[in-house]
Amino acid sequence: QVQLVESGGGLVQPGGSLRLSCAASKSIFSISAMYWYRQPPGKLRELVAAITTGGSTHYTDSVKGRFTISRDSAKNTMYLQMNGLKPEDTAVYYCSDGYNHWGQGTQVTVSS
């Protein structure tokens, strides 16, 4: 059983940056794609970014050019660098693997 723990959320002004981390309890990046999702207030959870086992990355259109997904296999940690944050990026952000394991989520609030 893999455990995933997100961190790095917080309150930031529009245009600011945050880096989210997702620490995995075991080495899984070589066998599983990894995903960042978010759930805005009152809305459904949506896929934000993905990184495959081969390192290919994919983004939803609304974050392309602003967010970067990456991973450090030595640390069993995945990241989401978020730049140019907008109020509509406000959400609880979750990481997940390809086997339906989820973290507890970290709140990101973008507000002046």
Side-chain angles (χ1 to χ4, degrees):
Q1 184 81 1
V2 174
Q3 293 181 334
L4 302 172
V5 179
E6 303 97 336
S7 62
L11 173 64
V12 63
Q13 293 186 342
S17 298
L18 284 173
R19 189 177 79 156
L20 305 184
S21 299
C22 171
S25 59
K26 59 176 68 174
S27 177
I28 59 172
F29 297 157
S30 64
I31 62 172
S32 177
M34 297 294 296
Y35 307 90
W36 283 103
Y37 285 80
R38 68 185 179 188
Q39 186 164 16
K43 297 185 178 181
L44 297 175
R45 192 172 297 187
E46 62 179 0
L47 179 63
V48 175
I51 184 165
T52 69
T53 55
S56 297
T57 58
H58 305 276
Y59 302 92
T60 192
D61 285 346
S62 62
V63 308
K64 283 180 181 177
R66 301 188 298 121
F67 290 12
T68 302
I69 188 172
S70 63
R71 66 189 183 200
D72 184 334
S73 296
K75 297 181 178 179
N76 293 336
T77 301
M78 176 178 67
Y79 303 99
L80 186 68
Q81 178 67 44
M82 305 186 295
N83 299 328
L85 283 162
K86 304 176 181 180
E88 51 264 42
D89 295 317
T90 294
V92 179
Y93 284 71
Y94 300 89
C95 64
S96 180
D97 64 9
Y99 297 94
N100 203 31
H101 298 116
W102 295 83
Q104 82 288 351
T106 186
Q107 176 71 48
V108 172
T109 302
V110 184
S111 175
S112 55

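Positions are given from 1, in the same order as the sequence printed here. Below, each value reflects all heavy atoms present in this structure, side chains not excepted, and no hydrogens, waters or symmetry copies.
Counting heavy atoms of neighbouring residues, nucleotides and ligands inside a 6.0 Å radius, atom CD1 of I31 exceeds 12 of them.
P87 places a side-chain heavy atom less than 4.5 Å from the side chain of P14.
Interatomic distance, S112 OG to L11 CG, rounded to the nearest 0.5 Å: 9.5 Å. The line from OG1 of T106 to CG of L80 is 11.0 Å long, rounded to the nearest 0.5 Å. Annotation: the span from S17 atom OG to L85 atom CG amounts to 6.0 Å, rounded to 0.5 Å. Atoms NZ and CD, on K26 and Q3 in that order, are 9.5 Å from each other to the nearest 0.5 Å. For the atom pair CZ (F29) and CG (D97), the distance works out to 9.5 Å, reported to the nearest 0.5 Å. Between the CD atom in Q81 and the CD1 atom in I69 there is a gap of 12.5 Å [rounded to 0.5 Å].
For the pair L47 and T60, the tightest heavy-atom approach, listed with the atom from each and the gap, is O-CB, 3.6 Å.
Residue V92 is grouped with residue Y35 when hydrophobic side chains (ILVMFWY) are merged at heavy-atom distances under 4.5 angstrom, including chains of intermediate members. At a threshold of 4.5 Å between side-chain heavy atoms, the hydrophobic network of Ile, Leu, Val, Met, Phe, Trp and Tyr places L4 and W102 in two separate groups. Both V108 and M78 belong to a common hydrophobic cluster when Ile, Leu, Val, Met, Phe, Trp and Tyr are linked at side-chain heavy-atom distances under 4.5 angstrom. V63 and Y94 fall into different hydrophobic clusters, where Ile, Leu, Val, Met, Phe, Trp and Tyr side chains are chained together by heavy-atom contacts under 4.5 Å. Each of M82 and Y37 belongs to its own hydrophobic cluster when Ile, Leu, Val, Met, Phe, Trp and Tyr are linked at side-chain heavy-atom distances under 4.5 angstrom.
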- [ ] I would like to know whether Y99 and V2 meet side-chain contact (heavy atoms from CB on, under 4.5 Å); could you show each step before the answer?
- [x] CA-CA 9 Å; Y99 297 94; V2 174; over 6 Å; no
- [ ] Start with the C-alpha gap between E6 and L20, add the side-chain angles, then the distance that decides, and say whether side-chain contact (heavy atoms from CB on, under 4.5 Å) holds.
- [x] CA-CA 7 Å; E6 303 97 336; L20 305 184; over 6 Å; no
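The stretch residues 39-58 participates, sequence neighbours left out, in these side chain to side chain donor-acceptor pair (under 3.5 Å) pairs: R38-E46.
Using modelled atom types, one side-chain atom of S32 and one backbone atom of G98 make a donor-acceptor pair closer than 3.5 Å.
Checked against C22 for a side-chain contact (heavy atoms from CB on, under 4.5 Å), the options Y93, Y79, W36 give a single hit: W36.
For R66, the side chain to side chain donor-acceptor pair (under 3.5 Å) partners at least two apart in sequence or on another chain are D89.
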